[in-house]
Amino acid sequence: MTDYTTSELMVSRASKELKNGDVVFVGIGVPSLAVNLAYRLHAPGICMIYESGAVGCVPKRLPISIGDPCLVTGSLAVVPMLDVFNLYLQRGLIDVGFLGGAQVDRYGNINSTVIGDYRKPKVRLPGSGGACEIAALAKKVVITIGNSKRTLPEKVDFITSPGYLRGGRERETLGLKGGPELVITDMGVYRFDSGTREMVLVSIHPGVTLQTIKDNIGWDVRVAQDLTETPPPTAEEIRIIRRELDPQGIFLRSKAG
Amino acid sequence: MTDYTTSELMVSRASKELKNGDVVFVGIGVPSLAVNLAYRLHAPGICMIYESGAVGCVPKRLPISIGDPCLVTGSLAVVPMLDVFNLYLQRGLIDVGFLGGAQVDRYGNINSTVIGDYRKPKVRLPGSGGACEIAALAKKVVITIGNSKRTLPEKVDFITSPGYLRGGRERETLGLKGGPELVITDMGVYRFDSGTREMVLVSIHPGVTLQTIKDNIGWDVRVAQDLTETPPPTAEEIRIIRRELDPQGIFLRSKAG
Amino acid sequence: MAKLMTMKEAIARFVRDGDLVIMEGFTHLIPFAAGHEIIRQRRRDLTLARLTPDLIYDQLIFAGCARKMIFSWAGNPGVGPLHAFRRAVEQGKPRPLEIEEYTHFGMVLRFMAGASNLPFLPTRNYPGTDLTEVNPGFKKVRSPYADEELWCVPALHPDVTIVHAQRADAEGNTQVWGLYGVQKEAAFASRRVIVTVEEVVDASVIRSDPNRTLIPGTIVSAVVCEPFGAHPSFVQGAYDRDNDFYVKWDAVSRDETTFQKYLDEWVYGLPDRAAYKEKMGTRVSELQADRQLCDPVNYGF
Amino acid sequence: MAKLMTMKEAIARFVRDGDLVIMEGFTHLIPFAAGHEIIRQRRRDLTLARLTPDLIYDQLIFAGCARKMIFSWAGNPGVGPLHAFRRAVEQGKPRPLEIEEYTHFGMVLRFMAGASNLPFLPTRNYPGTDLTEVNPGFKKVRSPYADEELWCVPALHPDVTIVHAQRADAEGNTQVWGLYGVQKEAAFASRRVIVTVEEVVDASVIRSDPNRTLIPGTIVSAVVCEPFGAHPSFVQGAYDRDNDFYVKWDAVSRDETTFQKYLDEWVYGLPDRAAYKEKMGTRVSELQADRQLCDPVNYGF
């Protein structure tokens, strides 16, 4: 079988979350590669939307930023950002949104604002951008992040983008639909318990032990009874990723998310 | 001196209200002719905006409707109607708006909705269209209407577009700026008293007597001490109106406003 | 699912009795062909929303399709009243017509609130007008930032919105130039969208100028190729407004017999828009637009 | 009053110490030339608002022009942090930087509320985020139509907004294609507007395609002809984004000495953008856009 990098595995796994006809809010890096992989394989009818306002993109090169000119040329529509947020996201037209962050906690809340205190931050991070509205208004959110005690604490320092908050029905109670569906890390894949809404490990990447994961997460994580091994990327997927999507390895030699 | 129709006099008089550089919300008929006359004579820098979304129009023929295609071809901008109302009118960019109606009362309130009771109307009129927002949000409003007891009652049956309401400071109290500045009829010209805000006759058209006006208005109208005669249109104005603006006399053989 | 279909099929599948329908187009691009097909298929109890009902809704009202109308200006522009509308409101003929009345600004805000999935939108308009007295849809909200109150209008959520445009691809990616009107807001507010166009083009034409796309295919249910589908209104770059028709309509519609005769001859008596265009004869070429192309722009990088 | 002027003149006349300034452009059309001139003229105590401060505000912060920043995402896209921004926030260097933080959606709504002369706009966003805890600008409003509360953001009223575009006429009628970003909303919200363009064209070019006009001359104070004025960002149809510059900037800006050296060499050391373009040498042609023209459309009637 083919050798592959962890990032390639994450891209392959993320692409499987996308159905043909999905309207997808795309970010740069693993999400962009995952969507383009799905587009080339099982979801040719997927519609890619970038928060920059490009809709139905067919990038001729790997986009380096969400506002890359290659997203505009040949796209189906370019719309004002106000429309992206009002008419697509808030209107409920976005099926899947991809998010990353510096921290994701037990209930899928995401921090991309500060490490430490907001007023006297240890590390000042970029902030929400469009992440908060994607987390609040997309029908479904897929998260990609590294797997460590630092990146997966029991509680994030700051909730930039709401997941299930303190779990249970708190998110619904606040009037929010959707929510995080899946967390894909460099070690495994997690889903959210339908009752408690906490992260549950559902698959482990080949070569990673359960103990390694338990040693690299900030709480005593629940493990699914039917825990499986994450399927490795196929030779065809690897070929497309390396030959067509990221020939210079711009993203897949850097770290995930 | 040239012979002229009353409508031509009204067009000439209305055009004098427009300064170079004014951004004007234009309607069809007398207003459109007045703006185009000013544009050709003393206000080449005037910017015409139609509620249909055409901005900086240079119509090659007389526009028959506010959405005439001749308003689009060669214009400076075409914008969504939402922008016309939010970004131009509500933002406060419109210097002058022209309005007509079925009734205008003592305090410049305009009715274009119903004659009689709203629920069981004697006559159902077209309604506001954009008139209410123009009356509320333009910096200044100029009204054109016929002069009769029917069209100028002391109180309108229905306030479609607010003038000074019941007079005095009521309009300001409700948070509205601007207001009607001038009423041009087929018999004379009226302004509004700065205190009571009621209509005051300031000029009479040539050949009309004060008694005729008093017999054709719904209340005992105040007359300015310095009452003057409305200056007739110049030969040049008549030439432009007849040769360039309305060569087929589409509007100026129909009734005013 | 293929979206490209005939007008007959599109109306049959996506417009139902009792629906709240928007057929927009401000003077420009009024979807008359779709209106005629709705009359032909005898839809009933429709609630019709439009800023300017225009001749298209006057015909639907006369034909007995409408139960209610939501509007802001009901007239024949530059000509006179809408006679069927007035008969319905003043005399309840052919049936009483419930009305809900706003202003142009209010109508667009209602569309935009629906399109944005918001319950309402605020405006500085409406102090002093009697419209807020007769329509309970207007409500006030207090600003949380300063001591002031603003009037609001409620979101509108149509079952189906029908728009006519210059061109679209088979997926419904629709491009418009000239007057935009309020079509984008109406379409995004709607559960279903029918797009009728002068020309169905290859996606490559749409993709050559993505900034012109007004409505994305992702919200479109049906695409109908319907040349001359906006007559007697106009299509920038295709054909002029038939102002004579609008002027003559005053006499035709004032008298119920001649109004009925018009519908019998031009709507019930014809199978579709192609036959209508055929019947129009030389008038079609008289209205044909001159050629005045824009300078193309560069989308390269 | 003639609006056409040099960048030096435009900044001198319309950007004042203490102003609330917006220089927008989402990845596309970022007005870097204007930013450099503001640094050169040593404006102080500016409040800078932008969705993504990007390198342009990182440079203004390092140069000591900024007192406060209103933003939603402060990073070097796809590369890393904004080092001057982080030093200012984490260590108060060169001076403490007050921050006011929203999200992209919140920022655009603030611009749109200002552009619409409304005190606020509502959204369904923001339940559950801690941003509403640390920023009192977020407030709730109760819907007058149903038992629900919505978060609101307050209108923003900038003193001056600066945008870069492909082309404008001498009166400031400005056309943009490719990514629109939030420039229209920012410009209409602003007391003064400076437009810098790749090309000043005759009004007939603008009038040949009025649907492309994003900003009308009536709200524009100054028009500056500034080719290459958006580098290292890009202009669709003119030049590509200089991604290498953005990548290399990480090292340059991490070290205060090299950051200062950059400003000395490329900003203080140069009189204007023409000299900057000259100094860029062959890089300019490397970034030149390919030709990919759209199909022209017909505006005739």
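These numbers come from a predicted model, not from an experiment. So that the names make sense, note that chain A is the first sequence line, chain B the second, and so on, each numbered from 1.
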- If you tally heavy-atom pairs under 4.5 Å against chain D, which of A:Gly130, A:Gly53, A:Ala135 wins? A:Gly130
- Message: The test is side-chain contact (heavy atoms from CB on, under 4.5 Å); show your working for D:His104 and A:Phe85 and say whether it passes.
- Response: CA-CA 9 Å; D:His104 283 352; A:Phe85 296 119; 3.5 Å; yes
- Closest heavy-atom pair, A:Pro121 versus D:Val89, reported as atoms and distance to 0.1 Å, is CG-CG1, 4.1 Å
- Query: Which bit of A:Leu137 is near chain D, if near means a heavy-atom gap under 4.5 Å: side chain, backbone, both or neither?
  - Reply: side chain
- Residue part contacting chain A, namely of D:Tyr246, when any heavy atom lies under 4.5 Å: neither
- May I ask you to name which of A:Pro162, A:Ser128, A:Gly127 has the most heavy-atom pairs under 4.5 Å with chain D? A:Ser128
- Task: Sort out for me which of D:His28, D:Glu101, D:Arg86, D:Arg124 touches chain A most, counting heavy-atom pairs under 4.5 Å.
- Result: D:Glu101
- Note on the structure: On a heavy-atom basis, the closest approach of D:Tyr126 and A:Cys132 is CD2-SG, 4.0 Å
- Item | Which atoms of A:Ser112 approach chain D - backbone, side chain, both or neither, heavy atom under 4.5 Å | neither
- Contact check, side chains of A:Ile66 and D:Phe26, non-hydrogen atoms, under 4.5 Å: yes
- Message: Which one wins on heavy-atom pair count under 4.5 Å against chain A: D:Asn125, D:Asp240, D:Leu214, D:Val108?
- Response: D:Asn125
- Student check: side-chain heavy atoms of A:Val78 and D:Leu179 closer than 4.5 Å: yes
- So what's closer than 4.5 Å to chain D heavy atoms on A:Lys122: side chain, backbone, both or neither? backbone
- Message: Please classify the contact between A:Phe158 and chain D as side chain, backbone, both or neither, with a heavy-atom cut-off of under 4.5 Å.
- Response: both
- Task: Side chain from CB out, backbone as N, CA, C, O: work out which of these in D:Phe85 comes under 4.5 Å of a heavy atom of chain A, or both, or neither.
- Result: side chain
- Verify side-chain contact (heavy atoms from CB on, under 4.5 Å) between D:Glu133 and A:Tyr118, making sure each step is shown before the conclusion. CA-CA 10 Å; D:Glu133 309 275 318; A:Tyr118 183 81; over 6 Å; no
- Message: Is it true that, when you exclude A:Lys177 itself, more than 12 heavy atoms of the residues, nucleotides or ligands shown sit nearer than 6.0 Å to its NZ?
- Response: no
- Message: Taking A:Leu82's backbone N and O only, do any of them form a donor-acceptor pair with D:Glu185's side chain (distance below 3.5 Å, no angle check)?
- Response: no
- Item | Option that, when pairs with chain A are counted at under 4.5 Å, heavy atom only, ranks first among D:Gly106, D:Pro53, D:Gly181 | D:Gly181
- Message: Less than 4.5 Å to any heavy atom of chain A: does that hold for the side chain of D:Ile99, its backbone, both, or neither?
- Response: side chain
- Count the heavy-atom pairs under 4.5 Å between each of A:Asp68, A:Thr160, A:Val84 and chain D, then report the option with the highest count. A:Thr160
- Task: Determine the option with the most heavy-atom pairs under 4.5 angstrom with chain D, choosing from A:Ala131, A:Pro80, A:Ala136.
- Result: A:Pro80
- Query: Are the side chain of D:Thr129 and the backbone of A:Ile159 linked by a donor-acceptor contact shorter than 3.5 Å?
  - Reply: yes
- So, D:Thr123 versus A:Gln90: side-chain donor-acceptor pair below 3.5 Å or not? yes
- Message: Closer than 3.5 angstrom, by distance alone: can the side chain of D:Glu90 be matched with the main-chain N or O of A:Val123 as a donor-acceptor pair?
- Response: no
- Task: Any chance you could measure D:Asp130, atom CG, to A:Thr113, atom OG1, to the nearest 0.5 Å?
- Result: 8.0 Å
- Query: Where on A:Asn86 is there a heavy atom nearer than 4.5 Å to chain D: the side chain, the backbone, both, or neither?
  - Reply: both
- For atom CZ of A:Arg166, decide whether the heavy atoms of other residues, nucleotides or ligands shown that lie under 6.0 angstrom number more than 12. no
- Do any N or O atoms from the side chain of A:Glu133 and from the backbone of D:Phe105 form a donor-acceptor pair under 3.5 angstrom? yes
- Item | Heavy atoms of other groups near A:Tyr39 OH, more than 12 under 6.0 Å | no
- Donor-acceptor contact present, side-chain A:Arg119 to main-chain D:Val134, <3.5 Å: yes
